Asks: 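The structure is given below, and queries will be raised subsequently.
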There are 2 protein chains.
Amino acid sequence: MFSPVSPVRAYERVVEQIEAAVFGGQLPPGSHLPSERDLMTQFGVSRSTVREALRVLQSNGMIQSRAGDPRGPLVLAASPVALHKSMTRLARTSSMSLGELLQFRMLLEGSAYLLAAQLHTASQLAEISAALDTMTTATDYTAFSDADVAFHDAVARATQNTMIIVCSTVVRGVVLDLIEDHLAHATDRQALMTRYLKHHTEVLEALRARNGSLASQLARRALYDSYASYLPEADRAMLTPLLEN
Amino acid sequence: MFSPVSPVRAYERVVEQIEAAVFGGQLPPGSHLPSERDLMTQFGVSRSTVREALRVLQSNGMIQSRAGDPRGPLVLAASPVALHKSMTRLARTSSMSLGELLQFRMLLEGSAYLLAAQLHTASQLAEISAALDTMTTATDYTAFSDADVAFHDAVARATQNTMIIVCSTVVRGVVLDLIEDHLAHATDRQALMTRYLKHHTEVLEALRARNGSLASQLARRALYDSYASYLPEADRAMLTPLLEN
DNA sequence: CAGTATTTGTCCGTATGTATC
DNA sequence: GGATACATACGGACAAATACT
């Protein structure tokens, strides 16, 4: 008959009302909220309460307030940074095994290359190709690694899918964090780089030919070849189903 | 040579330090932060600053503070609610289209069925089968819908991959939120249910036969058949590349 | 270009309801 | 049940930062 209730803080209701106004279109991106003093009179709460609500909205990427701006906090356009943050926290704190992350990365990048092969525009392909050129001419390892990141980012962007872009960057970052110790002590860095270059050249060819299934398969195979060695023997079986076709 | 700087507020550095402690494992889920008064002495800031930092952490789902608890704010385990919130926000401000979400869901579930077909155990298969039985005998639509959710959840769990489980649940929830208006006015609910049952029965057969590529293809085709009609004509082209093979 | 007014950032003090021991 | 410590919320205050005249 009755349902349990939880106390709703004052600042939460302030957040709700401002959120509703933003979602409802009364506060479009680029517009400004009233000043903190105006808000405390409109909501009938103290300034501390208003400020706590504004901090929450700011951490969610909805507004941005600058000291001294008489126009009030600025309403920002929606951006995937909050999505990126929450996903990173989830990936880092859920204590996921490296095998799970690699599995997810293989299916993500596999699908990304499949889509990119069929949907890419000329400029996006040029961007990917430019990243590969930078990798080829890179002298030190950090420059090579940065260009490698740019290559994968460009492919993800070519899919035009926000979720793929965000998930790819997050998962790649967490994976690299987990194995950076191994990479730092890698002695055969030169062999690694040449293998990467070969893989990337092949997959770029497949993209250019708009051969989605080939690009996807090459990408998954490359990931397996590059990272499976960091995995316990038993965990590699969870990746092999993704290598087929 | 120089990069632009932005003033770092005091509360942000408090957030950063607490976040680092949680990520680093010094503050595992279930443990407690020092009280607000302790925190203000440790960080050397005022009460308001500490509180604004705690509000940000609370809105991100990392901590929970209750009035009067002498143990201090509770550190929560990672949960996908923040992910759900940020995704919903992006979708509602139409900076992420329904097409993108469906595209992502198709590749996610497609891979999930592929993995589940090859990795599932007997008990997991029984769980999936039980959900389908519940769907078959369901009388009202809500019971049918709940069993449908249970079916998909059981498949996701069979992959043993946390990222797949979390992302599938969140994306499915956001998609359903977006089209619930259309569903509420659906007149051909009975036809919908029979079609769902047919699809689920077929895919369960593929799972049982450990035919991963068939299960994957059936799942993607079912998603397209069920949801493509809610999409603008032009957006459907972004889904068709995922139907092949 | 400088001055002024306003706003935010931060601090302190206080009262009240609440959870734990 | 009482004592204690806590979070919540309020109000006032000052300095730094910004926009506008």
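Just the heavy atoms: all of them, side chains too, but no hydrogens, waters or symmetry mates, feed the values below. The chains referred to below are lettered A, B, ... by the order of the sequence lines, with proteins before strands, and numbering in each begins at 1. Owing to the predicted nature of the structure, the values given are computational and were not obtained by experimental measurement.
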Asks: How long is the line joining NE2 of H32(A) and P of dA19(D), in whole Å?
Replies: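 Roughly 10 Å, once rounded to whole Å.
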Asks: As an exercise, state the distance from CZ of R55(A) to OG of S65(A), rounded to the nearest 0.5 Å.
Replies: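 Spacing of CZ (R55(A)) from OG (S65(A)) equals 4.0 Å.
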Asks: Any chance you could measure T49(B), atom OG1, to F43(B), atom CZ, to the nearest 0.5 Å?
Replies: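 Nearest 0.5 Å value for the OG1-CZ distance: 11.0 Å.
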Asks: In whole Å, what is the span from the CE atom of M40(A) to the C1' atom of dC10(D)?
Replies: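 My rounded result for the distance is 9 Å.
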Asks: If you restrict it to nitrogen or oxygen atoms, what contacts under 3.5 Å exist between nucleotides 8-11 of chain C and the protein, and what is each distance?
Replies:
residue, atom, partner, partner atom, Å
dT8(C), OP1, E36(A), N, 3.1
dT8(C), OP2, E36(A), N, 3.1
dT8(C), O4', G68(A), N, 3.3
dG9(C), OP2, R51(A), NH1, 3.0
dG9(C), OP2, R51(A), NH2, 3.4
dG9(C), OP2, R55(A), NH1, 3.3
dG9(C), OP2, R55(A), NH2, 3.4
dG9(C), N7, R47(A), NH2, 3.2
dG9(C), O6, R47(A), NH2, 2.9
dT10(C), OP1, A10(B), N, 2.7
dT10(C), O4, R47(A), NH2, 2.9
dC11(C), OP2, S46(B), N, 2.7
dC11(C), OP2, S46(B), OG, 3.0
dC11(C), OP2, T49(B), OG1, 2.5

Asks: Thinking salt bridges, do R89(A) and E19(B) make one under a 4.0 Å N-O criterion?
Replies: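 Result for this pair is yes, salt bridge flagged.
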Asks: Measure CG/D38(B) against C1'/dC6(D) and give the value in whole Å, please.
Replies: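 Whole-Å distance recorded here is 11 Å.
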Asks: So, R172(A) and D153(A), do they make that salt bridge, N to O below 4.0 Å?
Replies: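 The answer is yes: the pair qualifies as a salt bridge.
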Asks: Check the angle between the aromatic planes of Y113(A) and H152(A) and answer parallel, tilted or perpendicular using the 30° and 60° thresholds.
Replies: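 Answer is perpendicular, since the angle exceeds 60°.
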